[in-house]
Amino acid sequence: MKGSWKKSLPWLHALLAVLLIAAFFGFAGWQLQHRWQWSRLLDYRSKFAFGFSMTVVISFFSLILSLLIGILAAMGKRSEILFLRYFATAYIELIRGTPLLVQTIFFFYFIGTAYRLNNRYIMGILILSVFSGAYVSEIIRSGLESIPSAQLETARSLCFTKQQTYRYIVIPQVSRIVLPPLTGQFASLIKDSSILSLIAVNEFTKNVQEVDSITFTSFENYILLAAGYLVLTLPISLITRHLERKMSYAN
Amino acid sequence: MQIKIEGLTKKFGTMAALDNLNLELEDISSLAVIGPSGGGKTTLLRILAGLEIPDAGTVIMNGKAIDFSSEQSLMAHRRRIAMVFQAYNLFPHLTAFDNITLPLIKTRGVSHEEAKSRAETLLRQLGLAEHMNHSPTQLSGGQKQRVAIARALSLQPEILLFDEPTSALDPEITAEILDVINALRNEGRNIILVTHEIGFARHACSHVAFVSEGQVATHGESETLYTDSDSDEFRRFISRIIGWKV
Ligand SMILES: Nc1ncnc2c1ncn2[C@@H]1O[C@H](COP(=O)(O)OP(=O)(O)OP(=O)(O)O)[C@@H](O)[C@H]1O
Ligand SMILES: [Mg+2]
C-alpha cells in the first residue's frame with residue numbers, strides 16, 4: 001500500500017514532531033552554552049502565581065465586557081437608525097485597523113488622563129474589551145448573516161414578531177454557530193492581555209519582567225511565561241476544535 | 001372561497017413583476033396558478049400571503065380586503081393564511097414536532113397540550129409518526145415538505161398557499177405530495193397553488209389562472225379552460241410542455 005506510512009503509527013509521528021521541536025531549541029541552548037538556573041525561579045513562585053491569576057481575572061472580565069460590546073456593536077451595524085450604523089462601523093474599523101499597542105497607549109495616557117480614569121486595572125480591562133469587542137462583533141455579525149433570509153421570511157409568514165424571531169429562531173442558531181470562533185477569540189484575548197504590562201498593570205507578563213530584572217535569567221523566565229499562557233490557551237484551543245467538529249457534524 | 005384582485009401592480013426597480021393584474025373568482029374551492037418562469041406567480045402569491053406590499057391595486061379575499069398599510073394590519077391578514085414554500089423552509093434547529101408546535105404556542109396562543117395534540121395528529125396523518133423528533137437534516141425532501149404542510153395545517157388557516165411545493169422533489173415524491181394536496185382539496189380546504197404541474201392543475205384544481213408578464217392572460221374552470229381557452233399564449237404554453245411529456 002503506497003503512502004500508508006503517512007498515517008500509520010500516529011504516536012511515532014507525534015514523537016517525531018516533539019523530537020524535532022526539542023532539537024531546534026536544544027541546539028539553540030547548546031550553541032549559547034546556557035547554564036540553566038531553574039531553581040532560582042522558585043523564590044518568586046508566589047509572584048508568578050499572583051501575576052498569573054491577575055491575567056486570568058483580567059481576561060475573564062474582559063471576555064464578559066467584550067461580549068457585551070460585541071453584541072451591541074453587531075446590533076448597531078444592523079440597526080435601522082443610520083447614526084448607530086455609522087457609529088458601529090467607525091468603531092469596528094478604527095479598532096481593527098490599528099495595533100493594540102497603539103490603542104493601549106492612546107487610551108491610557110490620552111483618554112484616561114483626559115477623563116480622569118486612572119485605575120490601571122479598570123483601564124486595562126476597558127482597553128482589552130474595546131479591542132476584543134470589535135472582533136467579537138464581526139464574529140456575531142457573520143453568524144447573523146449565516147441565517148438565510150428565507151427563515152426570517154418564514155417566521156414573518158407564521159406571524160412571529162421581530163423579537164420572537166430573534167428569540168426563538170435567530171439566537172438559538174447563531175449562538176451555536178459563533179461559539180467556536182468566540183472561544184478562539186477568548187484565547188487571543190488572554191495572549192493580548194500581556195500588552196497591559198506596558199501600562200504597568202500587574203499581570204503575568206509584568207510580574208515575569210520584574211523577576212527578570214532581579215534574576216537576569218531571561219531564558220528561564222520567558223520560557224515560563226510562554227508555558228503559563230499555553231496552560232490557558234491550549235485547553236481553549238482543544239475546546240474550540242471540539243466545538244468546530246460538533247458543528248460540522250450537526251450540519 | 002372568493003378572490004377579487006384589481007389593478008395589482010408590483011415593481012422591482014423599473015421592472016413590473018405584476019402589471020395591473022386583475023382576477024375575479026366567486027365561490028371556488030381551489031385555484032392553480034400556472035405560467036412561464038418570471039411571469040409573476042411567486043410575486044402574486046407573496047402579496048396574497050401578506051409578505052410583499054404592492055405598489056398599487058386591491059386584493060379582497062372572502063369579502064375582506066388586505067390592508068397593506070402597516071405591519072400590524074399585514075400581521076392580522078397573515079393569521080388567516082398559511083404558506084408552504086418550495087424549499088420547505090423548516091427551522092433547522094427544531095425537530096419536526098417543534099417546527100409545528102412553536103408557532104402555534106408563540107404566535108397563536110395555543111396551549112401546550114393543544115399544540116402537542118394537533119402536531120401529533122397531523123404528523124401521524126401525513127405518515128410521519130416515526131419522524132416526529134427528527135430534525136430537518138435527518139429528513140428527506142418529501143418528508144420535509146410533509147412536515148411543512150403539517151405546520152401550515154396546524155394553524156387552521158382560512159386559505160392555504162403553496163408556492164411550487166414539488167419543484168425541488170423527484171417525480172415519485174412529487175406524486176406523493178400532490179396526493180396529499182389533493183386529499184386536502186377533497187376535504188374542502190381553500191387552496192391556492194402555484195405549480196408547474198399542469199396536469200395536476202387541470203385535474204385536481206377547480207380553477208386555473210394563467211399568469212404571464214405580470215397579468216392574468218386567461219383563467220377559468222379547469223375542465224373547460226384547457227380545451228376552450230382563446231388565449232394563444234396559453235395554448236402555446238400548454239402544448240410546449242405537453243410536447244415533452246410521454
Ligand atoms: N425581490 C425581487 N427583486 C427584484 N426582482 C424580483 C424580485 N422578485 C421577483 N423579481 C422579478 O419579478 C419577476 C417575476 O418574478 P416571480 O418570482 O414572481 O416569477 P414566477 O412566475 O414565480 O417565476 P418562476 O416560475 O421562475 O418561479 C421576475 O422577472 C423576477 O426577476
Ligand atoms: Mg416562482
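Just so it is clear, the structure is predicted and the values come from calculations on it, not from any experiment. Reminder, nothing fancy here: chain letters follow the sequence lines and each chain counts from 1.
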Side chains of A:Y135 and A:S66, donor plus acceptor under 3.5 Å: no
If you apply the rule salt bridge (charged side-chain N to carboxylate O under 4.0 Å, His left out), what do you find for A:K206 with A:E203, and how did you get there? CA-CA 5 Å; A:K206 175 86 177 357; A:E203 45 68 76; over 6 Å; no
Given a strict heavy-atom distance threshold of 4.5 Å, which part of B:L51 is in contact with chain A: side chain, backbone, both, or neither? both
Looking only at side-chain N and O atoms, does A:S157 offer a donor or acceptor that is under 3.5 Å from a partner on A:T154? no
Is it the backbone or the side chain of A:Q164 that comes under 4.5 Å from a heavy atom of chain B, or both, or neither? side chain
Quick one: of B:M83, B:R79, B:K106, who has the most non-hydrogen atom pairs under 4.5 Å with chain A? B:K106
Check against salt bridge (charged side-chain N to carboxylate O under 4.0 Å, His left out), B:R146 and B:E176: CA-CA 10 Å; B:R146 276 183 282 159; B:E176 189 186 300; 3.1 Å; yes
